[in-house]
Amino acid sequence: MIRVRFAPSPTGYLHIGAARSALFNWLYARREGGKFLLRIEDTDLQRSTDESTRSIFEGLQWLGLDYDEEVVFQSANADQHRAAAVQLVDEDKAYRDFTPKEERGGDANVKQEIAKRARRDADEGVDHRSNPYRELPLEESKQRAADGELFAVRLKVPREGRSVFEDGVFGTQERDYAEIEDLVLLRSDGHPLYNLSVVCDDIAMQITDVIRGQDHLTNTHKQVLIYEALGAPIPRFAHLPLILAPNKGKLSKRKHGAVVSLTTYRDRGFLPEAFRNALALLGWSPEGEQEIMPLDELREKFSLKGVHHSPAVFNFSESDPRQWTDQKALWMNAEYIRTMPLDELLPALRAELKAAGLWRPEYETSEHKWFEKTINLIRERFYTLKDFSGQGRAYFADDFEFDAAAVAKNLKKEPRLKELLPGLAGQIEQAEPFNAETAEAALRHFAEAAGVKAALLINASRTALTGQAVGPSMFEVFDIIGRECSARRLRAAAEMI
RNA sequence: GGGGUGUUGGUGGAAUUGGUUACCACGCCGCCCUCUCAAGGCGGAGGCUACGGGUUCGAUCCCCGUACACCCUACCA
């Protein structure tokens, strides 16, 4: 039985790259009939927050990725991790390093320091196995520890040979042991380090397939070494290409803000179906040319074979609000909004309208037909759920806003409208029965009688009734808005001229 | 400094395990439709498949080198 896991660290928000890892793990597990587990890697107590943990749960739920078994919190397993390190020391597979801890500078200097140290070590002929405590007799090591001397625990990496593993995406990966230093398993304050913790937890959770971001690819060799030292079976590994920013740099909150946070998409009116679909296409492609795929279809088609080796760029423009996020994702959301069966769209719609104070229970009962007609009419040109309460507000309430440009162009530009609009209102009121056809007839007759183009009245009506310069076919709008309300808004608009 | 991975039009991706004019989607431009804006239909621009060598009758595909990008290299995760 296949068992995979999603193991985010609860620092900040849920990153879309992490969300994609979750998706791929979920797809893989569900497709293979395996288990999808969740582990919160909250060992960095400084940076971990409850809010972030919540955003992980919310994000997974929003995306529809249900997990199996109990959630594992890594911090709860620290004792086991420590015990594993101690065991390795006892078995002589690891050793206590009594070298005093070297204080490091800030994060920004880490890379420089690494390079500097590497150069210095090369100059001095120091290699990765030169640690003076590596061959310290176990008795002496034990004694010094008992005497209260501080130590870190390091894994004894073999002097010769190479590490090899088969990656499900990138193929055979090899690395000389000489390039891997005796990694620290336990800090001198007793705190287990990442590589140890993941391996221990993955063993405890009986993970069979580790699917995660490519940023872990080279570290996998270290983890394999730990598995071997612990005598545990090594899982299959598969690494996913990274998602980069438009400049091909790292996609980070610091630099790019909300676009990288999954919750942003929920909050800005994305349909989970759509975002999930878009996410799936980042770093993976199905066999055919079909790109629009609901969850169950993604699940059927997903395969590691289709996962790419090269990173994907998440394309958006920080300067253009219309391109606040990836254009294709936005297009896909619009596509889902206008083509999804109404009953599937309804929950999201209801939530959006409720949040905006526009929802009425009648929409699901006595006014259901009207509601359905309205949604079908307006969703055609909407991109996000927010549009229903924004641009679409006039369909559900009277307190909508007028777009200044629309008012200028469609109302104020033609002074005669001040008289024409009330006249039109009168005609509209007399249409019987009132529907799109009779509204059209009334308007066209009125235009002819008044000697003006129908388009003038149509466009003026659009702004009068909806506050906008753009929208659906106007006669349908009259029908939707209704006779009384249409007439009222026409008269009110005349006052604005 | 060392190691790893990668590079197909602006973006996401194809191209039967080398075979004619490099395909699809998003975006962009134009036309049709038209009461606006979309949607839809039709059409178009945009690529010496990073660069340089090789192997081959033939290379996006195989090999070598270069450049660039990203990741790892930490008593961070």
Using a heavy-atom cut-off of under 4.0 Å over every strand shown, decide if A:A115 touches base, sugar-phosphate, or nothing.
base
Scoring nucleotides 37-48 of chain B by protein non-hydrogen atoms under 4.0 Å (B base, S sugar-phosphate only, - none) yields BBS---------
Between atom CG in A:D320 and atom P in B:rU11, what is the gap in whole Å?
17 Å
Among B:rG1, B:rC35, B:rA77, which nucleotide has an atom closest to any side-chain atom of A:R462?
B:rC35
Verify the distance criterion only: is there a donor paired with an acceptor across the side chains of A:Y336 and A:N277 at less than 3.5 Å?
yes
Less than 4.0 angstrom from a charged side-chain N to a carboxylate O is my criterion; do A:K328 and A:E291 meet it?
yes
Among B:rA77, B:rC35, B:rA25, the nucleotide that comes nearest once only the side chain of A:K328 is considered
B:rA25
Donor-acceptor contacts under 3.5 Å from residues 442-449 of chain A side chains, at least two apart:
residue, atom, partner, partner atom, Å
A:R444, NE, A:E440, OE2, 2.8
A:R444, NH2, A:E440, OE2, 3.1
A:H445, ND1, A:A441, O, 3.1

Given atom NE2 of A:H309 and atom P of B:rU5, what is their separation to the nearest angstrom?
10 Å
Dot-bracket for RNA chain B, 5' to 3', with Watson-Crick and G-U pairs under 3.5 Å, [ ] for crossing pairs and | for other-strand pairs: what is it?
(((((((..((((.....[...)))).(((((.......))))).....(((((..]....))))))))))))....
Could you check whether A:H239 gets within reach of a base, just the sugar-phosphate, or nothing at all, counting any heavy atom under 4.0 Å?
nothing
Counting only side-chain nitrogens and oxygens, does A:R119 get under 4.0 Å of the OP1 or OP2 atom of B:rG2?
no
Examine B:rA14: is either OP1 or OP2 under 4.0 Å from a nitrogen or oxygen in the side chain of A:H308? Give yes or no.
yes
Nearest whole angstrom, please: distance from the P of B:rU5 to the CD of A:E174.
9 Å
Please give, in whole Å, the distance from B:rG4 P to A:I180 CD1?
12 Å
Which part of the nucleic acid, if any, lies within reach of A:E291 when heavy atoms closer than 4.0 Å are counted: base, sugar-phosphate only, or nothing?
base
Of the nucleotides B:rC35, B:rA77, B:rU73, which has the atom closest to the A:N459 side chain?
B:rC35
From the list B:rU73, B:rU11, B:rC35, which nucleotide is the closest neighbour of the side chain of A:N219?
B:rU73
Distance, rounded to the nearest Å, where A:E113 contributes CD and B:rG2 contributes P
19 Å
Under 4.0 Å protein heavy-atom contact, by nucleotide of nucleotides 63-71 of chain B - B base, S sugar-phosphate only
------SSS
Quick one: label A:E287 by what it contacts on the DNA or RNA (base, sugar-phosphate, nothing), any heavy atom closer than 4.0 Å.
nothing
Using atom NE2 of A:H128 as one end and atom P of B:rU73 as the other, report the distance to the nearest whole Å.
12 Å
Of A:N315 and A:I458, whose closest RNA chain B nucleotide lies nearer the 5' terminus?
A:N315
Less than 3.5 Å apart, any donor N or O on the side chain of A:Q74 or A:D201 sitting next to an acceptor on the other?
yes
Separation of the P atoms in B:rU60 and B:rU8, to the nearest angstrom:
15 Å
Mind listing the N/O atom pairs, protein and nucleotides 31-34 of chain B, below 3.5 Å?
none

Quick check on B:rC76: is either OP1 or OP2 less than 4.0 Å from any side-chain nitrogen or oxygen of A:R187?
yes
Measure from the ring center of A:Y133 to the ring center of A:Y95 and say whether it is less than 6.0 Å.
no
So do the side chains of A:D189 and A:L150 get within less than 4.5 Å of each other, counting heavy atoms only?
no
Can I get a per-line list of side-chain donor-acceptor pairs under 3.5 Å for residues 303-316 of chain A, giving both atom names and the distance, sequence neighbours left out?
residue, atom, partner, partner atom, Å
A:S303, OG, A:K305, N, 3.0
A:H308, NE2, A:S285, OG, 3.0
A:H309, NE2, A:V169, O, 2.7

Between the side chains of A:S130 and A:D127, does any donor sit under 3.5 Å from an acceptor?
yes
If we count only N and O atoms by modelled type, under 3.5 Å, do the side chains of A:D182 and A:N131 hold a donor and an acceptor together?
no
Of the nucleotides B:rG12, B:rG2, B:rG6, which has the atom closest to the A:E179 side chain?
B:rG2
With heavy atoms under 4.0 Å as the rule, sort A:G213 into base, sugar-phosphate or nothing.
nothing
Nucleotide nearest A:F475 when distance is taken to its side chain, options B:rG3, B:rC35, B:rU36
B:rC35
Do you see a donor-acceptor pair shorter than 3.5 Å between the side chains of A:T220 and A:H239?
yes
Among A:V153, A:V198, A:V184, A:L183, the one residue meeting side chain to side chain contact (heavy atoms under 4.5 Å, CB included) with A:L193:
A:V184
Name the nucleic acid region contacted by A:T43, choosing base, sugar-phosphate or nothing; use a 4.0 angstrom heavy-atom cut-off, strictly under.
sugar-phosphate
Take the protein atom CG of A:L186 and the nucleotide atom C1' of B:rC76, then report the distance between them rounded to whole Å.
15 Å
Determine the Euclidean distance between corresponding P atoms of B:rC28 and B:rU11; express it in Å to zero decimal places.
16 Å
